[in-house]
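Chain letters run A, B, ... following the sequence lines, proteins first and then strands; every chain starts at 1.
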Amino acid sequence: MKKIELQDIFLKKEFGLNEEVSLQGWIRNHRKQKQMGFIDFFDGTVFESIQVVYDEKMTNFSEISGYRVGSSIEVQGKLIQSEYNNSLEIVATEVTLIGDSPENFPLQPKKHSLEFLREIAYLRPRSRLFQAVFRVRSVAAMAVHQYFQDKNYVYVHTPLLTTNDGEGAGEAFTVSALDLSKEKADFSKDFFGKQASLAVTGQLEGEAFAMAFKNIYTFGPTFRAENSNTKTHLAEFWMIEPEIAFCELPELMDLQEDFLKYVVKMITEKCASELKFLSQYNQTDLLDRHLKFVDTQIARVTHEDAITILKNAPVKFEFTPEYGEDLAKEHEKYLSEHFGSAVFIYNWPKDIKAFYMKVNDDMKTVAAVDLIVVGSGELMGGSQREARYEQLHDRMVQMGIPSEDLYWYLNLRKFGTAEHSGFGLGFERLIMFLTGMENIRDVIPFHRTPQCCEF
RNA sequence: UCCUCAGUAGCUCAGUUGGUUAGAGCACCUGACUGUUAAUCAGGGGGUCGCAGGUUCGAGUCCUGCCUGGGGAGCCA
């Protein structure tokens, strides 16, 4: 008898009715009766589970009745269309226990809180909710690569260890090979001869490659040591950072929009079962929301116009919106709801943005753009980069960025400079948007946040 | 980092102005049941009330400190 997986039945449809099959997987639920029993069986290869029916004619009937939720089993039997509920099920000829799961197995067939599931993060992928979330995550990652590979972008692996100081993106984790339990930190004697850290961005190196391949993207882990305790921040997260040469801000926004819609569309096509379940769980029609998103043009508004809208809003904000200042969370929320689900805000005041962004002709704003999305906050942040050597150097000096250490980054403006633009997309925030999950800790397998580095 | 709420059985939760032996549902064990699907019905076992102090004749309940988690804010993607 050939060993098969549930995907052979539900996805590939390679196995037809009345065929003998053998499957290995886990018990999600088990309902016992005197003369027969029903096992909800899943093997993780598709979202769907299948019901296994066994009866007292089997020699080990009483043992099977004792198999508990969470146990791994092997099932042999015939695939049938049930006359009782009109769905596929397996009438077992043999069920054997592979790995028992004792009575205190934490994941029971009932509703658990997300907080509890986080504490058993090594078991939660077996739940239907996290089967859906992590399948979507996997397909979304593939869609990201597919989009850029179809456009012949070069996938660049930027370093995770860096001695770049002040990349303009938040606090970094120091990395050391010194035995700090014995000696005081003297980084001149450290592995790299100076203080090194985990990368907070791959953008600067990405720009070097964009100046060679024209279109590139990165997709990898990023680390920030900020003491942020929110639903949208992680200390370790995955980021996608495309960088495009000979590209200015409006064209960048076109790319961002096209890219995002491509990924969303792909999920609606490849993750129907998962979206259906997630819609039920999160009480939002995700499929409908996503299809509307794909069909609607994302609004574009300057920071100045956004402030005007906020000032005229019939709402009392805790923080008064001001020209030249950053937006508070309540402002972002209002704007994203005002414009539908998402909105590009561009031309930001230069004083609140990073050193590498191109200063506009008004000398007050930079060619930066943030995409604000309901629930996920700032989903993408991008900008046209400062391509002029003198202007970039002056900005670095003004903002206290060590230009000597970043000489190579400056030199990119010396040797065949070109206008270029890029953006960063927080992958977990994208997964939140796709799945409707409200806490970023629930869309990454094992989350790292302040005071939490479990598993 | 600040503000705020919470922590009671494996899980979800109740526990009155401080007062006898801390309860329920699910899970588990025993039994009943010919198609269940969060199966149902009867019975049973299961507790360091987050941790450490304190107040009191008496603390799950009140006070202090700490730990952990949630929500909000800030920082950011």
Side-chain angles (χ1 to χ4, degrees), chain A residues 28-41 49-57 65-66 68-70 80 82-87 89 91 101-120 123 127-128 167-172 200-203 221-241 317-319 326-333 352-354 368 370-373 376-382 423-433 438-442 444 447 449-452 454:
Chain A
R28 175 163 286 139
N29 201 358
H30 191 169
R31 295 172 289 277
K32 304 149 224 182
Q33 293 181 11
K34 190 181 187 183
Q35 290 161 321
M36 60 194 319
F38 306 90
I39 293 172
D40 276 350
F41 172 93
S49 55
I50 200 163
Q51 176 162 282
V52 174
V53 189
Y54 61 93
D55 65 31
E56 61 179 347
K57 286 180 226 122
S65 300
R68 285 180 286 242
V69 169
I80 64 150
S82 169
E83 56 186 289
Y84 298 98
N85 54 22
N86 204 33
S87 57
E89 63 183 30
V91 179
S101 183
E103 63 184 82
N104 60 353
F105 178 59
L107 203 63
Q108 293 297 332
K110 57 174 286 188
K111 189 151 184 164
H112 291 291
S113 68
L114 291 170
E115 294 83 3
F116 172 68
L117 291 168
R118 253 168 244 158
E119 285 166 19
I120 53 161
L123 295 173
S127 68
R128 285 195 299 168
E167 290 169 321
E171 286 296 308
V200 297
T201 173
Q203 181 197 316
T222 310
F223 308 90
R224 306 255 169 111
E226 256 136 44
N227 190 12
S228 299
N229 293 285
T230 80
K231 293 196 286 186
T232 51
H233 289 85
L234 292 166
E236 176 182 284
F237 64 101
W238 286 63
M239 191 153 64
I240 296 133
E241 295 184 288
F317 293 114
E318 193 188 337
F319 299 95
D326 209 347
L327 299 178
K329 208 173 268 186
E330 54 178 344
H331 303 149
E332 291 183 0
K333 203 171 166 212
I352 59 167
K353 287 287 180 183
D370 285 354
L371 179 70
I372 308 298
V373 173
S376 302
E378 191 186 330
L379 182 59
M380 299 190 202
F423 66 90
L425 166 74
F427 188 55
E428 283 74 20
R429 291 189 180 174
L430 174 64
I431 306 305
M432 289 171 79
F433 178 67
E438 290 178 352
N439 194 313
I440 201 164
R441 297 174 182 104
D442 298 324
I444 189 165
H447 68 275
T449 47
Q451 303 302 316
C452 179
E454 281 290 304

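- At whole-Å resolution of the value, CZ in A:R224 and C1' in B:U1 are 19 Å apart.
- For the pair A:S101 and A:R68, the tightest heavy-atom approach, listed with the atom from each and the gap, is O-NE, 3.2 Å.
- Within 3.5 Å, a donor on the side chain of A:S228 pairs with an acceptor on the base of B:C75, or the reverse.
- Base pairing annotation: B:A59 forms no Watson-Crick or G-U wobble pair, as no partner gives both donor-acceptor distances under 3.5 Å.
- Contact annotation for A:R441: backbone-only contact, meaning every heavy-atom pair under 4.0 Å involves sugar-phosphate atoms and none involves a base.
- The distance from atom CZ of A:F116 to atom P of B:A27 is 15 Å, rounded to the nearest whole Å.
- Between A:F105 atom CZ and B:G46 atom P the separation is 25 Å, expressed in whole Å.
- At distances below 3.5 Å, not a single donor-acceptor pair connects side-chain atoms of A:E241 with backbone N or O atoms of A:T201.
- The separation of B:A14 from B:G60, taken at their C1' atoms, amounts to 12 Å, rounded to a whole angstrom.
- For A:S113 and B:U12, the shortest distance from a side-chain N or O to OP1 or OP2 is below 4.0 Å.
- Remark: the A:N85 side chain and the B:U36 base include a donor-acceptor N/O pair separated by less than 3.5 Å.
- In terms of position on RNA chain B, the residue among A:E119 and A:L425 whose nearest nucleotide sits closer to the 5' end is A:E119.
- Minimum atom distance to the side chain of A:D326 is reached by B:C76, of the listed B:G71, B:C76, B:U34.
- A straight line from CZ of A:R31 to P of B:U34 spans 18 Å, rounded to a whole angstrom.
- Going from the C1' atom of B:U61 to that of B:G74 covers 36 Å, rounded to whole Å.
- The gap from the P atom of B:C76 to that of B:G65 amounts to 32 Å, rounded to the nearest Å.
- One can place CD of A:E83 at 9 Å from C1' of B:G35, the figure rounded to the nearest angstrom.
- For the pair A:E332 and A:P106, nearest-nucleotide mapping onto RNA chain B gives the more 5' position to A:P106.
- Under the Watson-Crick and G-U wobble criteria, each requiring two contacts below 3.5 Å, nucleotide B:U40 is paired to B:A32.
- Using C1' as the reference atom, B:G45 and B:C3 are 45 Å apart when rounded to the nearest Å.
- Nucleotide B:U12 forms a Watson-Crick or G-U wobble pair with B:A24, both donor-acceptor distances falling under 3.5 Å.
- Remark: A:K231 is in phosphate contact with B:G72, judged by side-chain N or O atoms under 4.0 Å from OP1 or OP2.
- One can place CD of A:E438 at 14 Å from P of B:G70, the figure rounded to the nearest angstrom.
- Taking a pair to require two hydrogen-bonding distances under 3.5 Å in either a Watson-Crick or a G-U wobble arrangement, B:U17 remains unpaired.
- Residue contacts shown for A:Y84 include a base, since a base heavy atom lies under 4.0 Å away.
- A:H233 contributes atom NE2, which lies 15.0 Å from atom NE2 of A:H447 (distance to the nearest 0.5 angstrom).
- The nucleotide B:G7 finds its pairing partner in B:C67, both defining distances of the Watson-Crick or G-U wobble pair being shorter than 3.5 Å.
- Of the candidates B:C76, B:U36, B:C11, the closest approach to any side-chain atom of A:Q33 belongs to B:U36.
- Comparing B:U36, B:G70, B:G74 by their closest approach to the side chain of A:F38 singles out B:U36.
- Under the 4.5 Å side-chain criterion, counting only non-hydrogen atoms from C-beta, A:N439 is not in contact with A:E115.
- Nucleic acid contact for A:L234: base, since at least one base atom lies under 4.0 Å from a heavy atom of the residue.
- Candidate nucleotides B:A38, B:U1, B:C28 were compared by shortest atom distance to the side chain of A:N227, and B:U1 ranks first.
- Among the protein residues, A:E89 comes within range of the nucleic acid bases, having at least one heavy atom under 4.0 Å from a base atom.
- Of the possible donor and acceptor atoms, none in the side chain of A:R31 sits under 3.5 Å from a partner among the backbone N and O of A:F38.
- Below the 3.5 angstrom threshold, one finds a donor paired with an acceptor across the side chain of A:Q51 and the base of B:U36.
- With C1' as the reference atom, B:G53 and B:A9 are 26 Å apart, rounded to whole Å.
- In this structure, A:V69 and A:H30 approach most closely via the heavy-atom pair CG2-N, 4.3 Å.
- Considering only side-chain N and O atoms, A:R68 lies under 4.0 angstrom from the phosphate OP1 or OP2 of B:C29.
- Between the C1' atoms of B:A6 and B:C66, the separation comes to 16 Å (whole Å).
- Look at CD on A:E454: it is 16 Å from P on B:C67, rounded to the nearest Å.
- For the residue pair A:T232 / A:T230, a side-chain donor-acceptor distance below 3.5 Å is found, with atom types taken as modelled.
- Within 4.0 Å (heavy atoms only), A:E378 reaches sugar-phosphate atoms of the nucleic acid but no base atom.
- Residues A:Q35 and A:D55 fail the side-chain proximity criterion, which asks for heavy atoms closer than 4.5 Å.
- For the residue pair A:Q51 and A:S87, no side-chain donor N or O sits within less than 3.5 Å of a side-chain acceptor on the partner.
- Using C1' as the reference atom, B:G10 and B:G47 are 12 Å apart when rounded to the nearest Å.
- In this structure, A:K34 places its NZ atom 16 Å from C1' of B:G35, rounding to the nearest Å.
- Distance from the side chain of A:N439 is smallest for B:G71 among the nucleotides B:G71, B:G74, B:C11.
- Within 4.0 Å of A:K329, counting heavy atoms only, lie sugar-phosphate atoms of the nucleic acid but no base atom.
- Taking 4.0 angstrom as the limit, A:Q108 places none of its side-chain polar atoms (N or O) nearer than this to OP1 or OP2 of B:G10.
- Here, B:C33 and B:G70 have their P atoms 48 Å apart, quoted to the whole Å.
- Base contact: A:N229 has a heavy atom under 4.0 Å from a base atom.
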